Amino acid sequence: MEWDDTIVAVATPPGVGAIGVIRLSGKKSFDIVNHLFPSKNIKLQPSHTLHVGYISHNGKLLDEVVVALFKGPRSYTGEDVVEISCHGSPYIHQQVLDACVQKGARLAKPGEFTQRAFLNGKLDLSQAEAVADLIASNTSASHKTAINNIRGRFSEALKNLREQLIKFSALIELELDFSQEDVEFVDRSQLKNLVAEAMQHTKNLIQSFKLGNVIKNGVTVAIIGKPNAGKSTLLNALLNEDRAIVSEIPGTTRDTIEEVVNIDGILFRLIDTAGIRNHSQDIIESFGIEKSLQKMKQADIVLYLFDANEMNADELKIVASDMQDQDIKCLFVGNKIDKDNELDLRKKFALTEGPIFISAKNGLHLQVLNERMIDLILKDTVSTENVIVTNARHYHALLQVNEALEDVMQGLENKIPGDLLSLDIRRSLQYLGEITGEITNEDQLDYIFSKFCIGK
Ligand SMILES: Nc1nc2c(ncn2[C@@H]2O[C@H](COP(=O)(O)OP(=O)(O)OP(=O)(O)O)[C@@H](O)[C@H]2O)c(=O)[nH]1
Ligand SMILES: [Mg+2]
């Protein structure tokens, strides 16, 4: 059985570094390292201790190392774990890895350490997945949600939900035991309240995924507008570097340019596009415009940039209603306010809904723009739970939970018999169980853990 194997992997990133860690987990970990570490008999040492010594194999001295011992079940995987910290040469890592394999270890598959931790009950599935998210986190917000999930905040929210549902199902099943007597002694309105509460809870979690997704994957922002509006200048200003070519010739940007920037802990993927004009004679420019429109539809938010000196209020209103018709989340940004009196420009657009006025070239009011972008993204994603769902698998399972609960609610309204209600409630529990891994199949597990890196 593959779970009986002792597994080994380099746990640090490939390449040269100050140190590299080789990690073993499984019954034979201590024996294998003992063969390679003549300095001490590590089987006689207490758990959670460090030992300095030499690693040698086939009479060849490989490195001076520090060995860390974790006896199961008090280890990451729940099994006996040994970590060998070597010097950071990939050659040494390979040699030590080979030596471990020759002494009976098997190379670990991606995520196999964490998968073992899950199978040994050290983490539930949602916590294990948070480990992968934590490793991948690149902003303070994504780091915070991942660490909260590892600490089990999400699992706890699910546990509460589960308890509510189990309570419900216990009440219903109690009634089934007395079905002969043909009485409904469980108050239906009490049941309805329970289900309504569970649904609210589920919906809040589902709603939080919007924010969770933003935190984990970032927000796509397309900068759209007429040629020469200053889109590339704005991109450069937001990035704080000269990324895109800026020139006074309209039609400078032909293709889209994408760059990532971290604003207040949220990752924004900015897309600079080719300026949109109605009749371009130039084929390449026309292609660029086509692509701009496409990017506009795919983006989470659109910045519609215009030259505040040249645009007139009526035209802006037409663009605004067009965006609204297409259901596009859009901020209107009037640029080049340095060229005229700011108050006059603001007055000109007083009747249109709140454009932001900036000077991309001088970096004026960019902070206001940043704040409005964040507001727009967070506006309808506020979560009343302090737990945020970031994982698409969890999100889809929660949608199923919600659907099952809706069936229960409808069943209650239509006064269907208790045994049918009980089926729907079990269905909701089943989907909940899939999130934490109480109910899973092997393929699904393999798939989830295959997305981890090796050594984790
Ligand atoms: N005065 C002033 N000029 C600006 C400002 N922003 C951009 N410009 C100038 O406007 C011209 C066009 O700027 P770009 O950033 O290339 O405009 P664009 O929208 O990317 O243009 P295309 O790529 O051709 O669609 C350049 O000469 C910029 O220096 C601003 O805030 N104030
Ligand atoms: Mg440009």
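As the structure lists them, so they are numbered: ligands from 1, and atoms in each ligand from 1. Because the structure is predicted, anything quoted here is derived from the model rather than measured.
Under the 4.0 Å criterion applied to side-chain N and carboxylate O atoms, Glu112 and Arg106 are assigned as salt-bridge partners. Looking at Lys295 and Glu258, a side-chain N of the basic residue comes within less than 4.0 Å of a carboxylate O on the acidic one, giving a salt bridge. Ionic pairing of Lys291 and Asp255 is present here: one or more N-O contacts between side-chain nitrogen and carboxylate oxygen are shorter than 4.0 angstrom. Ion pair Arg372/Asp375 not flagged as a salt bridge, since none of the NZ, NE, NH1 or NH2 atoms sits closer than 4.0 Å to an Asp/Glu carboxylate oxygen. With salt bridges taken as basic N to acidic carboxylate O contacts below 4.0 Å, one links Asp407 and Arg427.
Under a 4.0 Å criterion applied to the non-hydrogen atoms of Thr253, ligand 1 contributes the atoms 20 (O), 22 (P), 23 (O), 24 (O). Close approach of ligand 1 to Ala229 (heavy-atom distance below 4.0 Å) involves ligand atoms 19 (O). If you number the atoms of ligand 1 from 1 as listed, the ones under 4.0 Å from a heavy atom of Thr233 come out as 6 (N), 7 (C), 13 (O), 14 (P), 15 (O), 28 (C). Set against the non-hydrogen atoms of Ser247, the atoms of ligand 1 under 4.0 Å away are 11 (C), 12 (C), 13 (O), 16 (O), 26 (C), 27 (O). Shown in contact with Lys339 at under 4.0 Å from a heavy atom are these atoms of ligand 1, numbered in order with element: 1 (N). Residue Asp338 has at least one heavy-atom neighbour below 4.0 Å for each of these atoms of ligand 1: 1 (N), 2 (C), 30 (C), 31 (O), 32 (N). Atom numbering of ligand 1 starts at 1 in the shown order; those under 4.0 Å from a heavy atom of Gly275 are 25 (O). Atom numbering of ligand 1 starts at 1 in the shown order; those under 4.0 Å from a heavy atom of Pro250 are 24 (O).
The Mg ion (ligand 2) has no N, O or S atom of Thr233 under 2.8 Å away, backbone or side chain. Put simply, Ser232 gets within reach of the Mg ion (ligand 2), with an N, O or S atom under 2.8 Å from it.
In summary, of the residues considered (His201, Gln200, Gln207), a side-chain hydrogen bond (donor to acceptor under 3.5 Å, both in side chains) with Asn204 occurs for Gln200 alone.
For ligand 1, none of its N or O atoms has an N or O atom of Ala274 under 3.5 Å away. Residue contacts with ligand 1: Ile358 is placed with no nitrogen or oxygen under 3.5 Å of a nitrogen or oxygen of the ligand (distance criterion only). Of the polar atoms of Gly251, at least one N or O is found under 3.5 Å from an N or O of ligand 1, judged by distance alone. The distance criterion of under 3.5 Å between nitrogen or oxygen atoms is met by Lys361 with respect to ligand 1.
If you check which protein heavy atom lies closest to atom 29 (O) of ligand 1, you get Val246 CG1, 3.8 Å. The protein heavy-atom contact nearest to atom 12 (C) of ligand 1 is Asn228 OD1, 2.9 Å. In terms of protein heavy-atom proximity, atom 6 (N) of ligand 1 is closest to Asn335 ND2, 3.2 Å. With respect to atom 9 (C) of ligand 1, the closest heavy atom belonging to the protein is Lys336 NZ, 3.9 Å. Considering only non-hydrogen protein atoms, atom 18 (P) of ligand 1 sits nearest to Lys231 N, 3.4 Å.
Residue Gly225 places every heavy atom at 4.0 Å or more from ligand 1. Within the 4.0 Å heavy-atom shell around ligand 1 one finds Ile249.
Inter-residue side-chain proximity for Pro73 and Asn120 is flagged as unmet; no heavy-atom pair is nearer than 4.5 Å. With a 4.5 Å cut-off on side-chain heavy atoms, Ile435 and Asp124 do not count as touching.
For the atom pair CZ of Phe332 and CZ of Phe349, the computed distance is 11.5 Å after rounding to the nearest 0.5 Å.
Within a 6.0 Å radius of CG in Asp327, no more than 12 heavy atoms belonging to other residues, nucleotides or ligands are found.
The proximity of Asn362 to ligand 1, defined as any non-hydrogen pair under 4.0 Å, does not occur for either the backbone or the side chain.
Closest heavy-atom contact between Leu24 and Phe113: C-CE2, 4.1 Å. Taking all atoms of both residues into account, the shortest heavy-atom contact from Ser75 to Lys122 is O-CE, 3.0 Å.
Among residues two or more places apart in sequence or in another chain, the salt bridge (charged side-chain N to carboxylate O under 4.0 Å, His left out) test is passed with Arg74 by none.
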